[in-house]
Protein chains: 2
Amino acid sequence: MSDVARLAGVHKATASRALNPSTSGRVNAATARRVRAAAEELGFTLNTAARSLRTNRSFTVGVLLPDLTNPLFPPVARGIEEVLTARGYTALLANTDNDEAKERHQFDVLLGRQVDGFIVATAQREHALLEEAHKSRVPIVLLNRCTDQPLFPLVAGDDNTGILFAVRHLLDRGHRSIAHVAGPQDVSTGITRARAFRHAMEIAGISHEQALVVPAQAYTVAAGERATEELLDHHPATTAIVAGNDLIALGALHVLRARGLRCPQDISLVGFNDMQFADEFQPPLTTVHVPHLELGAEAARLLLEQLDSSEESAGGAPVAKTVLFPLHLVVRESTADVADREGGLG
Amino acid sequence: MSDVARLAGVHKATASRALNPSTSGRVNAATARRVRAAAEELGFTLNTAARSLRTNRSFTVGVLLPDLTNPLFPPVARGIEEVLTARGYTALLANTDNDEAKERHQFDVLLGRQVDGFIVATAQREHALLEEAHKSRVPIVLLNRCTDQPLFPLVAGDDNTGILFAVRHLLDRGHRSIAHVAGPQDVSTGITRARAFRHAMEIAGISHEQALVVPAQAYTVAAGERATEELLDHHPATTAIVAGNDLIALGALHVLRARGLRCPQDISLVGFNDMQFADEFQPPLTTVHVPHLELGAEAARLLLEQLDSSEESAGGAPVAKTVLFPLHLVVRESTADVADREGGLG
DNA sequence: CTGAAAGCGCTAACAG
DNA sequence: CTGTTAGCGCTTTCAG
C-alpha cells in the first residue's frame, strides 16, 4: 500500500481512504482516481488480515450446518454466499454432523478467526452452546431450526401451512388413514411439523388417536426406513404417509418397495423440502417445496442488518424477529386417490 | 494474550510460545501448563488476524468450484474440509458458475484474504487465470479437471479405465451401436472421456465411424437433453449410450422417456460419477463410481505437502505430480442385454 | 482535503 | 528457558 501511495504521490493514509469505498468521499475525487489507477497498475490487493486487526471486523461470517452433503444445504449455502459476497463478506462453512463436541470446536475455531457473526442451521430445541453465545452477544441468525427459547432471529419455512397443504391434499384424495413419519423430536422442525400434522387432522374431524405419528430418530434415509417399518408393522391399514422430510420419504419408499407395496397405488406418500432430484425418484415425489436458496439469502440479510446496526450504535438488543417463508405443495406421482387403491391390487 | 501472560506471571512472548504447538517445546513444561491453564480460565482465543499479519500465513485455503449445488461437489468439499481442519486449516469455498469473470473476482478476493494456496476444480483446458497464477507461484492443486499444459499437481479419477469399464459392460451385453453423449470439449474430462470412449470401441474392433460421439455443451441435464435429441434424431439405431456424466445421463433419460423409449429395454444407459441419489433414478442408473470425498481429501493433502515444503525451504519447483484414483462400474438397472431389446417392443 | 503518528495482537530475532 | 523489542499492513484520530 505504501508503494501505491508513493506511485500516486500521496501518503499511505490517503491511499487507504481512497481505496475504501466508505471513506473515499473524504478525499479529492481526482486524487482518489489517481490512487485507484496506481493500485490497479501495481495489482494491489488489500491485506484483510491487517484491516481486521485494526478494525476488529473480519467481514467474515461463520455458517454452522449439519452436513453439506445433505442435499438441503448446498442451496442454502449458495443463498448465503450470494448476499454476503455482494456486501464484501465471506462465508466460512462448517459441518457439525449433529455432534455437539464437533459443533463447539467449529464454533471456537470460527471465533478465533474473528467472524463477525454466525448463521446457525444446527439449532436443537435445548442448545447449551447457543445459550452461552446469546449471553456473549455474538450476532447470530438461526436458519430453519430454532431453540425452544426465542433467543435469536429465525428464518425458516412456514412448516405449519406446509403440512396443512400436504394433509389437505391427501384428504382431498379421499385418504383418512394418514400417518406422519415425523422427524426427530429434539429438533424444532420435527415437533412443529408433527404438531401441525395433528392439528390438520383434527380440523378434518379425524380423532387424535387416528392421527398416527411415528417419529424417526434422524432426518436420514435409514431412520426413515426404520420408522416406516415400525409404522407398517403396527398399522398396516395406513393408506397415506406424510414424511418429516424427503430423506425420510425416501426411506419410506424403500420399505414400501421391499414389502411389495406400490406407491402411489397402495400407499400415497408426501415428502417435505422438495430437495434436488426429488422429481427423479421412483415415483417422482409429491412434496412441500421449501425455497432453500431464499432462506439462506434472507438469513444473510438479517445478519448483515444486525452487523450494520451494531456498528452504528451499541443499540439495545433487537427483538428476535422471525421470518417465515410461504411454502407450497408440488404434486407429482407419489400420491393418488384411495379409490384407485382398491382396484389396483392384483 | 497480555492478560493471559499476566495471569500466568510471564511475558506475553512466552505465553505466545507456550500456546503455539510448534514452539511450545521451547518453553518450560510447567510454565507452558500454567499458561495454558490461564488461557483456559480467561476463555482466550488466539487472534488469527494478528497472527496472519505477523507470519504472512493465514492457514486458509481457497477452493474454487463451479457450483456447490452440483451434487458432485459437496462430497469433494467435505473431503477437503476434513483433512484441512485436522491440520488447523480452513477452507474458503467459492463458486464460479463456470464464469471467467466471476472466477477472477473470487480468486482476487481469496488472495486478498491471504489464502496460503488454492484447490481448483474449475480448470479449463486453456486457462488464462491459471497460467498467470502459475507464474506468480501460488501453491495450487487441481482437482478433477486439468489444463492442457501440466502446470500443477492434479488429483482426479482414472477416467480412461472408467470409460473402458462402461464400454466393456455394454459390449458384454451385446451392444454394438454404442454412442457417447460427451461432456463439453473445452474441459479436460470431456475430451479425456471422449478419447477413452473411441479407444475402447477401437479395441473392440468397432470402426471409428461407428463410435459415435455427440458432445453436450455443458455438464448439465439441459445440455444432456439437447445432445441426446440430436443423437437420436440422426442415429435412431443406437442401442446404448455412455453419458459424459450423470447429469447428462439424466438428460438422456428425460429424452428417452419423452420419446416413449424405455430404459433399459430399448436403450441402455451408463452414467459417470455415481452422484448421490443416482440409485434412486428411474431406472436406477448404472454408472462409473468416482470417490469424490477421497479426491477432495487427497487434493488437500497434496496442497498441504506443498505448503509444508515451501515453508521449510524455498525449494525448487516440484514436479507436477498426478494422482489418479481407480474407478469402478456400479451396475444397476439402466443397462440390459441387446437381446432383451427386440422382445421388449410392444 | 491530506499528512503524521500511533497502535490493533501477535511472533521472531536477539539478548541475557 | 524467558524477557525485550520491533514490526507485520492497515486505519484512524489528530493536526494542519
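This structure is a prediction, so every number in the text was calculated from the model and none was measured. Computed from heavy atoms alone, side chains included, the values below leave out hydrogens, waters and symmetry copies. The sequence lines fix the lettering, A, B, ..., with proteins before strands; numbering per chain opens at 1.
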Exercise. When you measure from the side chain of B/Arg51, which nucleotide among D/dC10, D/dC8, C/dT11 comes out closest?
Worked result: C/dT11
Exercise. Are the side chain of A/Gln276 and the backbone of B/Thr69 linked by a donor-acceptor contact shorter than 3.5 Å?
Worked result: yes
Seminar exercise, completed: A/Leu42 atom CG is separated from D/dG9 atom P, nearest whole Å, by 15 Å
For this session: Return the value, rounded to whole Å, for the distance between atom NE2 of A/His11 and atom C1' of D/dT12.
Result: 12 Å
Problem set entry | Euclidean distance, A/Leu46 CG relative to A/Met1 CE, rounded to 0.5 Å | 6.0 Å
Exercise. Which heavy atom of B/Ala123 sits nearest a heavy atom of B/Leu142, and at what distance?
Worked result: CB-CG, 4.3 Å
Exercise. A/Thr147 and A/Glu126: side-chain donor and acceptor closer than 3.5 Å?
Worked result: no
Problem set entry | Atom pair distance, as rounded to whole Å: CE in A/Met1 and C1' in D/dT12 | 12 Å
Problem set entry | Between C/dC8 (P) and B/Leu46 (CG): distance, integer Å | 16 Å
Exercise. Minimum heavy-atom separation for B/Ile140 to B/Pro153, with atom names?
Worked result: O-CD, 3.5 Å
Exercise. Among residues 12-36 of chain B, which residues get a heavy atom nearer than 4.0 Å to DNA chain C?
Worked result: B/Lys12, B/Ala13, B/Ser16, B/Arg17
For this session: Give the ring-plane orientation class for A/Phe118 versus A/Phe107, where under 30° counts as parallel, over 60° as perpendicular and anything between as tilted.
Result: parallel
Exercise. Starting at CG of A/Asn47 and ending at P of D/dC8, how long is that distance when rounded to a whole Å?
Worked result: 12 Å
For this session: Please report, rounded to the nearest Å, how far the P atom of D/dT11 is from the CG atom of A/Asn56.
Result: 14 Å
Seminar exercise, completed: Atom CZ of B/Arg54 and atom P of C/dA13 are separated, to the nearest Å, by 8 Å
Exercise. Side chain of A/Leu53: nearest nucleotide among C/dA12, C/dG9, D/dC10?
Worked result: C/dG9
